[in-house]
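Contents: one structure, followed by commentary.
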2 protein chains.
Amino acid sequence: MTNNIKIIILISLLCAHELSYSQNVAQKLGYPKEAKLLIIHADDLGLSHSENRASIKSLESTPVNSGSIMVPCPWFPEVAQYFKNNSNFDIGVHLTLNSEWTSYKWGPVTSKDSVNTIVNKNGFFYDNIPAVVQNGNPEHIRLELKNQVKKALQNKIDVTHLDAHMGTAVSSKEFLKKYLEVGNQFQLPVLLVENDMLKETEIMNLMLEGNQITVDKLYTASPIDFENGMDNFYTKTINKLEPGLNTFLIHLAYDDEEMRAVTIGKRNWGSTWRQADNDFFSSEVCQKLLKENNIILVTWREIRDKIVRSKN
Amino acid sequence: MTNNIKIIILISLLCAHELSYSQNVAQKLGYPKEAKLLIIHADDLGLSHSENRASIKSLESTPVNSGSIMVPCPWFPEVAQYFKNNSNFDIGVHLTLNSEWTSYKWGPVTSKDSVNTIVNKNGFFYDNIPAVVQNGNPEHIRLELKNQVKKALQNKIDVTHLDAHMGTAVSSKEFLKKYLEVGNQFQLPVLLVENDMLKETEIMNLMLEGNQITVDKLYTASPIDFENGMDNFYTKTINKLEPGLNTFLIHLAYDDEEMRAVTIGKRNWGSTWRQADNDFFSSEVCQKLLKENNIILVTWREIRDKIVRSKN
């Protein structure tokens, strides 16, 4: 190869690289630069039968177009079987480091002795985030997160992305590194929103290494939004949605006997909360609002295949 | 002490021993020799919220007077909390070595690496008995059974007895030895019915060592009994009950959304089966039959305290 040819190839590569970096996420996915993109994402699949039933029904018949599974939870086999046979859906792993309810519990998929810093005296995950931050050895976190993804893949789920149940896996810089390492290991996008930790060199390098992107805006109902009515919250949010990659994190289940018992004693993120999410996203109002606001629904699979696993 | 006094003491001890051995279980418990004793025992507490709800309601308000908990199951914390606060009930540990349903699973309470011969590739217990018999290292069985009892005690349950879920822990001579060893270690009666294995010297010695007894007759509905109607089965069984220590093993839950999903694809021991058990034991007919047949309800706590833990 002559030097001239080498230079031409180098310039071409640099241009392709530049083009790739000058495009925003919408363009990389093949949409106009100013498109309002939205992922409507159901968290907590696998948690209970009620959660599975409501989430699957919504994925099948409403604008809800993505979701993620809590692999350590008792009802994982039910959703694993479903998504093995219905691989068209956009399904990730809801990386789980907490068991937050009181009457119904789970622990790690990894052998407890190997991750003993993230397990309480009853063999379950801790019920709160600070306990994990305080006690959790980052290497144990990495091992458990990796094993959750491995178990989902071994169960023939076409995993499209990773996110963090209760945000625990992104609640410290050390954990965030492990979260990114596991995402990169499996070439999977991980849910990230802009924050100061992402500006640190080590984190930036991990993001670059995995072609990771950030979501522009992440919306999830707070206890105040719940008290003021979920319909109000989602209606306002859809109406004010801006161009860029937006995400709703929602929780779908029925206010039934099982779910009331799972969430007993807790109103926030409880069974009536999940029923309210379910009611809004199953409504015609929701469909109408999305259409009126020219919102384009996108999936993590598109992000995985066109960005994270792209060759550019 | 003179030799005469020594001889008198020795004779007295021998007489007491002889008296103790010549009494049948009814007499040891303080009932007439020919009494028809019955334990109506609900298995599988902890399995699901539906199972917990139905079993607790029956213990509170029907002739069902005993039950046992599956400690490795996801809903263990719910029943543990209840029986910690309601220690008057007769509650044992339903020693569990299988996870037999398809959509909903659990594994050992022991760290998986320490009992890897009783865990499948997904980290759950095997779904059938032969797989445990074929793969299970008896020392792993002993460790897991011991840890289940320990966990129940640590959760402040006044454990009255042990029995074996699906009979797996008594399905081979080697397992039976471990089952007895764990019962003896905690001075707890273990459910046993007469069979050839109990005649072997090692087993007999373990039984003697722990003051263990056998149940005279154990009744539990078979698939044929279910098809012919649970009412018929229990009515006939109560009417023909003979003197001695009898036990009914029953399974109480509701035929609800959760339980239909837990038992999906299986009619035997499924949700309608458990609802049928529930219906019969909640009926006035059941109460009337027990009264008409002069049946005395007894508990494992009586057996524990008056026999297994007696000084004779």
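Every chain is numbered from 1, with letters handed out A, B, ... down the list of sequences. Keep in mind that the numbers below use all heavy atoms, side chains included, and drop hydrogens, waters and symmetry copies. In this text, all values refer to a predicted model and were calculated from it rather than measured experimentally.
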To the nearest 0.5 angstrom, please state how far the [atom1] atom of [X] sits from the [atom2] atom of [Y].
X	Y	atom1	atom2	answer
A:Lys151	B:Lys121	NZ	NZ	10.0 Å
A:Glu258	B:Trp75	CD	CH2	6.5 Å
A:His49	B:Ile264	NE2	CD1	7.5 Å

Report yes if some heavy atom in the side chain of B:Tyr104 is under 4.5 Å from a heavy atom in the side chain of A:Pro77; otherwise report no.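 A side-chain contact is absent here, since even the closest heavy-atom pair is not under 4.5 Å.
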
Under 4.5 Å heavy-atom distance to chain B, tell me which part of [X] shows up: side chain, backbone, both or neither.
X	value
A:Trp106	neither
A:Glu257	both
A:Thr102	backbone
A:Phe124	side chain
A:Val119	neither
A:Asn122	both

Might you confirm whether atom [atom1] of [X] has over 12 heavy atoms from other residues, nucleotides or ligands at distances under 6.0 Å?
X	atom1	result
A:Lys266	NZ	yes
A:Lys146	NZ	yes
A:Glu284	CD	no

Quick check on B:Val79 against chain A: is it the side chain, the backbone, both or neither that has a heavy atom closer than 4.5 Å?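 Neither; nothing under 4.5 Å.
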
Donor-acceptor contact below 3.5 Å, side chain A:Ser111 vs main chain B:Asp113: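 Yes: the side chain of A:Ser111 pairs with the backbone of B:Asp113.
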
Give a yes or no on whether the backbone of A:Val109 and the side-chain of B:Lys112 come within a donor-acceptor separation of less than 3.5 Å.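 Checked: pair present.
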
Under 4.5 Å, counting heavy-atom pairs only, tell me which of B:Ala261, B:Gly46, B:Gly123 racks up the most with chain A.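 Ranked by heavy-atom pairs under 4.5 Å with chain A, first place is B:Ala261.
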
Of the listed residues (A:Asp256, A:Asn52, A:Asn155), which shares the most heavy-atom pairs with chain B below a 4.5 Å separation?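 The answer is A:Asn155.
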
